Chemist: 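Below is one structure. I have some questions about it.
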Protein chains: 2
Amino acid sequence: MARLPVYLRALHVLADRGIVTVSSEELAAAAGVNSAKLRKDLSHLGSYGTRGVGYEVQYLVYQISRELGLTQDWSVAIIGLGNLGRALAGYGGFASRGFRMAAMLDADPAIVGERINGLTVEHIDKLERVITDCGISIAVLAVPAPAAQPVCDRVVACGVTSILNFAPVVLTVPDRVDVRKVDLSIELQILAFHEQRKAGGPAGVEQEYLEAVDGP
Amino acid sequence: MARLPVYLRALHVLADRGIVTVSSEELAAAAGVNSAKLRKDLSHLGSYGTRGVGYEVQYLVYQISRELGLTQDWSVAIIGLGNLGRALAGYGGFASRGFRMAAMLDADPAIVGERINGLTVEHIDKLERVITDCGISIAVLAVPAPAAQPVCDRVVACGVTSILNFAPVVLTVPDRVDVRKVDLSIELQILAFHEQRKAGGPAGVEQEYLEAVDGP
DNA sequence: TCGACTTTGTGCGTGCGTTCACAAGGGCTT
DNA sequence: AAGCCCTTGTGAACGCACGCACAAAGTCGA
């Protein structure tokens, strides 16, 4: 389930506060979901709660981490070290969750060779060798839109089966490969949509289009 | 619908290629969705297709833009100009879609006063004035986790009703406010989950936990 | 030891989104 | 002008996820 990471983060916060036990009601509130939904989610992992008491925080952290595969380390490659790639490279939330930044690749000669977060940026020509040598299992694509599909194809050819794509394109991959997409522009557009509805829905109709195309 | 921006982007690509007309089948393939779903989505906007022919690309671009509220300009404030905030400030996909970067705010004295993308970073103490003066309707939060909720509260108090949150916390807001969350760490965790399932599911059970806690 | 209280785990009804399949409708050819 | 063919728009079935509400179960106090 896609909600497990949210629960996990809430549990980490509770653990840091020294809280030992938590009820489904409390945890659900912290995670921003319905308590019945949370209990059903957790029950799919097994019966880890104690009736009348709740869930033991540390134990639940471990169980969810194991379910998510965070008890083992995953080697991640960042491809494209522009503004966004650098932000990702410096993002602390990765290393603390079992993700190891293992390689950085870029096509720009001005960027290749630079050291970011203790890693040297390699040229993308070495992609195949770097991915194989570093045992990369997850690739993060922060490249320009036109480069995304070609780079994706090369990465997949190396055996990578998980891709996090920040480029605003729909990637085509074999069935065995998982792709998750983060599109910053789309998020803003969805907000604009709701914002507009609050303001009273789309203004103008056919007339407006004709004016926009032909002039008034 | 959350898919409209995807359709819109696909249509822009088609328009750039000089394509005048597109069938639901083709557009659906370009957007990576089922053709029936696409037709149903579009029919909710009105009957903009021609049976036997398809949809006129330019006309559809306009209709979707209008539905999404992209025919008017939205003023966006970026709060937090760390690595991620800078990446967002420099992201070209915003300006080209009717979003205007109107203000930048940060708490770090080393960052305040800096010019990024033609805008001067203001101190967060001026948040209320800047948001009011610039007519901000959408706020982008790229601040550290502990700062997110307080900043969010201040922004909401200024009348902003759309927030794009990059901080890894669950924001509490009044009902009238829309919040969209982008959590980079969660995306990676979901990929790790699927990656692990491909590799044969979670390894080890109870024994592993006891070892992790108590030592072997 | 027993009873009352608390909290988990889950069966069931509901509502939404997806998809198939087809009828309605417009263009193109003859 | 008429018929064929293509594509849209949509009715209906399916499946899934959500949430209510309750029984099972375990704890705590007397």
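This one's a predicted model, so the numbers in the text were calculated from it and none came from an experiment. Atom set for the values below is all heavy atoms of this structure, side chains included, hydrogens, waters and symmetry mates excluded. Just so it is clear: chains get the letters A, B, ... in the order the sequence lines come, proteins before strands, and each one is counted from 1.
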Chemist: Restricting to pairs with a member in residues 5-22 of chain B, which pass salt bridge (charged side-chain N to carboxylate O under 4.0 Å, His left out), not counting sequence neighbours?
Modeler: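 Applying salt bridge (charged side-chain N to carboxylate O under 4.0 Å, His left out) to every pair that reaches into residues 5-22 of chain B, excluding sequence neighbours, yields Asp183(A)-Arg9(B).
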Chemist: Please list, in 5' to 3' order, the outermost nucleotides of DNA chain D lying under 4.0 Å from any heavy atom of chain B.
Modeler: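 Listing 5' to 3', DNA chain D meets chain B from dC6(D) to dA12(D).
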Chemist: For DNA chain D, what residues of residues 11-20 of chain B have any heavy atom nearer than 4.0 Å?
Modeler: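 Residues of residues 11-20 of chain B that come under 4.0 Å of DNA chain D do not exist, since none gets that close.
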Chemist: With a 3.5 Å cut-off and sequence neighbours excluded, list the donor-acceptor pairs that the side chains of residues 99-107 of chain A form with protein atoms.
Modeler:
unit_1, atom_1, unit_2, atom_2, d
Arg100(A), NH2, Ser75(A), OG, 2.9
Asp106(A), OD1, Asp108(A), N, 2.8
Asp106(A), OD2, Leu81(A), N, 2.6

Chemist: How close or far is atom P of dT7(C) from atom OH of Tyr55(A), stated in whole angstroms?
Modeler: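 Checked: the OH to P distance equals 12 Å.
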Chemist: Checking Tyr7(B) now: which residues fulfil side chain to side chain donor-acceptor pair (under 3.5 Å) with it, not counting sequence neighbours?
Modeler: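 Scan of Tyr7(B) (side chain to side chain donor-acceptor pair (under 3.5 Å), adjacent residues dropped) gives Arg3(B), Asp41(B).
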Chemist: Got a sec, which residues hit side chain to side chain donor-acceptor pair (under 3.5 Å) with Ser185(A), two or more places apart in sequence or on another chain?
Modeler: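 Scan of Ser185(A) (side chain to side chain donor-acceptor pair (under 3.5 Å), adjacent residues dropped) gives Gln189(A).
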Chemist: Considering heavy-atom distances to DNA chain C, does Val22(A) or Arg3(B) have its closest nucleotide positioned more toward the 5' end?
Modeler: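 Mapping each residue to its closest nucleotide by heavy atoms, the 5'-most match is Val22(A).
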Chemist: Provide the full list of salt bridge (charged side-chain N to carboxylate O under 4.0 Å, His left out) pairs with a residue in residues 163-174 of chain B, sequence neighbours left out, each pair given once.
Modeler: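 As it turns out, there is no salt bridge (charged side-chain N to carboxylate O under 4.0 Å, His left out) pair with a partner in residues 163-174 of chain B once direct neighbours are skipped.
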Chemist: So, using side chain to side chain donor-acceptor pair (under 3.5 Å) as the criterion, who are the partners of Thr161(B) when residues are at least two apart?
Modeler: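 So Thr161(B) forms a side chain to side chain donor-acceptor pair (under 3.5 Å) with Glu195(A), Lys198(A).
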Chemist: Quick one, which residues of residues 26-52 of chain A touch DNA chain C with a heavy atom under 4.0 Å?
Modeler: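 When residues 26-52 of chain A is checked for heavy atoms under 4.0 Å from DNA chain C, the hits, listed by number, are Arg39(A), Lys40(A), Ser43(A), Ser47(A), Tyr48(A), Gly49(A), Thr50(A), Arg51(A), Gly52(A).
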Chemist: Could you go through residues 130-148 of chain B and list every donor-acceptor pair under 3.5 Å that involves a side-chain atom there, pairing it with any protein atom two or more places apart or in another chain?
Modeler:
unit_1, atom_1, unit_2, atom_2, d
Thr132(B), OG1, Glu128(B), O, 2.8

Chemist: Give every residue pair that meets the salt bridge (charged side-chain N to carboxylate O under 4.0 Å, His left out) criterion with at least one member in residues 72-90 of chain B, sequence neighbours excluded.
Modeler: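 Passing the test, one end in residues 72-90 of chain B: Arg86(B)-Glu114(B).
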Chemist: Looking at CG of Leu45(B) and CD of Glu67(B), how far apart are the two atoms once the value is rounded to the nearest 0.5 Å?
Modeler: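 One finds 5.0 Å between CG of Leu45(B) and CD of Glu67(B).
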Chemist: Quick one: salt bridge (charged side-chain N to carboxylate O under 4.0 Å, His left out) pairs with a partner in residues 22-38 of chain A, sequence neighbours left out?
Modeler: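 Of all non-adjacent pairs touching residues 22-38 of chain A, none passes salt bridge (charged side-chain N to carboxylate O under 4.0 Å, His left out).
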